[in-house]
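To find a chain, count down the sequence lines: A is the first, B the second, and so on, and within it residues start at 1. Predicted, not measured: the structure shown is a model, and the values here were computed from it.
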Amino acid sequence: MDVVSRNNVVITGREDGPVIMLCNGFGCDQNMWRLVTPRLADDFKIVQFDHVGTGQSDLSAWSAERYASLDSYAEDIVEICNELALGPLVLVGHSVSAVFAVLAAASEPRLFEKLILLTPSPRYIDDAGYRGGFSAEDIDELLESLDSNYLGWSESLAPVVMGNPERPELTDELTNSFCRLDPAVARVFARATFLSDNRADLRRVSVPTRVIEVAQDVIAPREVGAFVHESIPGSELVTLDAVGHCPQLSAPEATAEAISGFAARDG
Amino acid sequence: MSRAGHGAAEPPRAHRTPDGGGAPGHVPHAELLEDNPEDLYENAPCGYLSTLMDGKIVKVNRTLLHWLGRSHDEVVGRMHFADLLTMGGKLYHETHFAPLVHLQHEVSGIALELRTADGSRLPVLVTSAVKTDSAGQPQLIRTTVNDARDRRAYERELLRSREKAEREREHSQNLVSTLQRTLVPPALASPPGLEVTAHYHIASPDEVSGDFYDLFPLTADAWGLFIGDVCGKGAPAAVLTSLARYTLRATAVYNPEPVAVLSNLNTVLNTADHEHDPRFCTVLFGVLKQEGRGFRVTLASGGHPNALMLSGSGSAGYIPTPGGQLIGVLSEPDVATTTVHLSPGDTLLLYTDGLTEAHTATDAGDRYGDDALLGYADVLAPCSAEATVGAMTELLNAFGEGLVDDAAVLALGVPPQDEGE
């Protein structure tokens, strides 16, 4: 299968620059990085994509069985790197994509020079001796919110949008297009994301890693950032003075600096 | 300007007349002018709040404070918008709502739930828009909050009915596929020296269709075979299919002569109570007998599409059984018979009209047809039974949505002789 169209891979920035791959988390598509990419484009070659089932990816490649497992998203990342001969590169994973980055780097360390984990959480639900910030009931509430909010998704419009990827103006006419997601896909993705436990995988990371957390983040509170930092051998922790789970939107300048500062550093 | 009412205990939507409206009678109905912006804001029939770009609340109206059961000082400058939401709502806010506000500067009609001071929940619909300065830089997020208790209760009912309908559909599809499987034999026994392969293509998982086939021993050296298609769909078609299949098998043992078998089936379908329920089918019935290195096949057709011979010499041709009439309509239908010899390398293909009636273009009138099937078979021949059914399965799959009816294919092939034999 052609991974470029499957995952809507988009490459921008400096042609001969070191490669940074930006992976967005659950919710919206690669537009999440819109405010950050202009700040990286002069120095880096930037690779972005949409997870299968989201954004402008090939929906026919999605299946509930395959994408109920976070490993599959990580396998897709490895496939994109292999197919396009991109590595070794700097892999930036936001939110649940930080988990994909950890899984990808643990299985194929030679493809990744460094990892940058933006607001990561290896487990969202509280456990004995661990505070993820959420209970199982909270996750059920989220699933209900997903069911109540179709965000411009309707079956009559979807084929028009999905069948014409070469005509982005069709997409732009629809409101909330950046976060539009088939509710069935959203449900599978949300369950995989918020019910997972990848704490044990953190120790498998052997490449240099920077963890970037946000001072006030409901989804990944600071104790989770500290847990990730302590669990990944040799990692470093940077705390952005910002609010919210998506600092690439709420504090794009500081986020871009935290990414480029680590990506450009020797070794 | 005096403040119109103050204190969280006030009713949220009470419209209060501003003080100092002049002498009574001087401006009659002054309160109807609605010229007090602060009152319009504070006591609007929806909640208003403004936040900084990071979500910190800087202004909120009385209506929303009342819904929340909180005081102005508890909220303004101390809480973020997400703090007003349930945990699930916070997750949704962080993963969808806040990114959308930043990316497109407005988002509307999002269903969330407020968590009030006493712990209860209030379903709301939320709309936000970003206020920018003259240079286009985002300054504030303005948000309206509408009470959506009734609407959300109704939507939940709709969601629940949809989930119920989906469960029932799944249940019914399971029933249909189970029933459909019982209508065709799980595996076909092959007479020695004959290769037999079949394929059944289900057009719709929602409805049983009435194609059937079978191959079974009659005597020590004779075998019966049939393929057919009953009228209609669904449960009545399934009943008719069962009836036809078991009648054919039973009467064939009693008298295997093909015309007699179809006549008996006709009698059974005709005598059954069917005044308001027309019951008929097309059937191709045959008897196979070993003859030399091949088989002699006697076929009787009751209105069924002609069988197709893919000869070992590399050509293909229909085996005509003209004039055969539907079984179950007339009291004494014409049944056409013919006899063919299957030599080593020959394959006989029997099929139902789902194959030839498939739509091949977006134009609904364009059917695949007999000529196209003959051309396709001519290219295939010579071809083993298994390869023929494989090629037909590929063809059926290629029709995609154009395949409107179920289709069954059954192929009988005499393997070619080994060289040197």
Side-chain angles (χ1 to χ4, degrees), chain A residues 24-29 31-35 94-96 119 124 133-135 137-152 172 174-181 183-184 186 189-190 193-194 214-220 241-252, chain B residues 51-57 79-115 121 123-130 137-138 141 148 151-160 162-163 166:
Chain A
N24 57 279
F26 168 72
C28 301
D29 64 15
N31 279 290
M32 285 295 286
W33 301 102
R34 264 203 328 197
L35 304 182
H94 171 233
S95 195
V96 70
T119 61
Y124 294 93
F134 297 92
S135 68
E137 292 74 43
D138 297 334
I139 305 305
D140 287 341
E141 270 183 7
L142 169 68
L143 295 177
E144 201 175 305
S145 292
L146 290 172
D147 280 341
S148 314
N149 288 294
Y150 56 92
L151 280 180
D172 293 344
L174 300 171
T175 53
N176 308 329
S177 61
F178 305 115
C179 301
R180 191 179 343 87
L181 196 53
F189 197 176
T193 297
F194 292 105
V214 170
Q216 289 184 66
D217 180 353
V218 183
I219 294 192
D241 183 19
V243 179
H245 187 56
C246 305
Q248 67 270 59
L249 290 172
S250 61
Chain B
T51 72
L52 302 178
M53 289 308 292
D54 70 3
K56 182 173 280 186
I57 297 169
M79 294 177 94
H80 287 79
F81 175 57
D83 296 332
L84 307 179
L85 305 173
T86 57
M87 284 305 270
K90 283 191 203 342
L91 278 170
Y92 192 83
H93 177 265
E94 293 296 317
T95 53
H96 292 76
F97 193 96
L100 276 174
V101 169
H102 279 97
L103 285 169
Q104 61 193 26
H105 283 190
E106 61 181 1
V107 55
S108 67
I110 301 295
L112 294 167
E113 280 188 331
L114 297 182
R115 170 74 84 180
R121 293 146 179 276
V124 291
L125 286 173
V126 178
T127 293
S128 288
V130 170
Q137 282 304 304
I141 304 168
R151 171 173 291 267
R152 293 291 295 288
Y154 179 63
E155 284 173 355
R156 279 209 188 90
E157 278 166 28
L158 283 180
L159 262 181
R160 267 201 295 275
R162 196 181 71 186
E163 282 161 10
E166 276 166 6

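- Only the side chain of B/Arg121 comes within less than 4.5 Å of a heavy atom of chain A; its backbone N, CA, C and O stay farther away.
- Listed options B/Glu113, B/His93, B/Arg152 were ranked by heavy-atom pairs under 4.5 angstrom with chain A; first place goes to B/Arg152.
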(Q) If you apply the rule side chain to side chain contact (heavy atoms under 4.5 Å, CB included), what do you find for A/Ile139 with B/Leu91, and how did you get there? (A) CA-CA 8 Å; A/Ile139 305 305; B/Leu91 278 170; 3.9 Å; yes
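- Per-residue counts of heavy-atom pairs under 4.5 Å with chain B were compared for A/Cys246, A/Ser250, A/Ala251; the largest is that of A/Ser250.
- Of the residues listed (B/Met53, B/His80, B/Lys56), the one engaging A/Val243 in a side-chain contact (heavy atoms from CB on, under 4.5 Å) is B/His80, and it is the only one.
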Q: Under the side chain to side chain contact (heavy atoms under 4.5 Å, CB included) rule, what do A/Glu137 and B/Met87 come out as? Steps first, then yes or no, please.
A: CA-CA 9 Å; A/Glu137 292 74 43; B/Met87 284 305 270; over 6 Å; no
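- More than 12 heavy atoms of other residues, nucleotides or ligands shown are found within 6.0 angstrom of CZ on B/Arg156.
- Separation of atoms CD (A/Gln248) and NE2 (B/His102) is listed at 10.5 Å; rounding is to 0.5 Å.
- Note: B/Lys90 NZ to A/Asp138 CG = 9.0 Å, rounded to the nearest 0.5 Å.
- Between chain B and the options A/Phe194, A/Phe26, A/Tyr124, heavy-atom pairs under 4.5 Å are most frequent for A/Phe26.
- Pairing each heavy atom of B/Thr95 with each of A/Cys28, the nearest pair is O-SG, 3.7 Å.
- Here the closest heavy-atom approach between residue A/Val218 and residue B/Glu94 is recorded as CG2-OE2, 4.3 Å.
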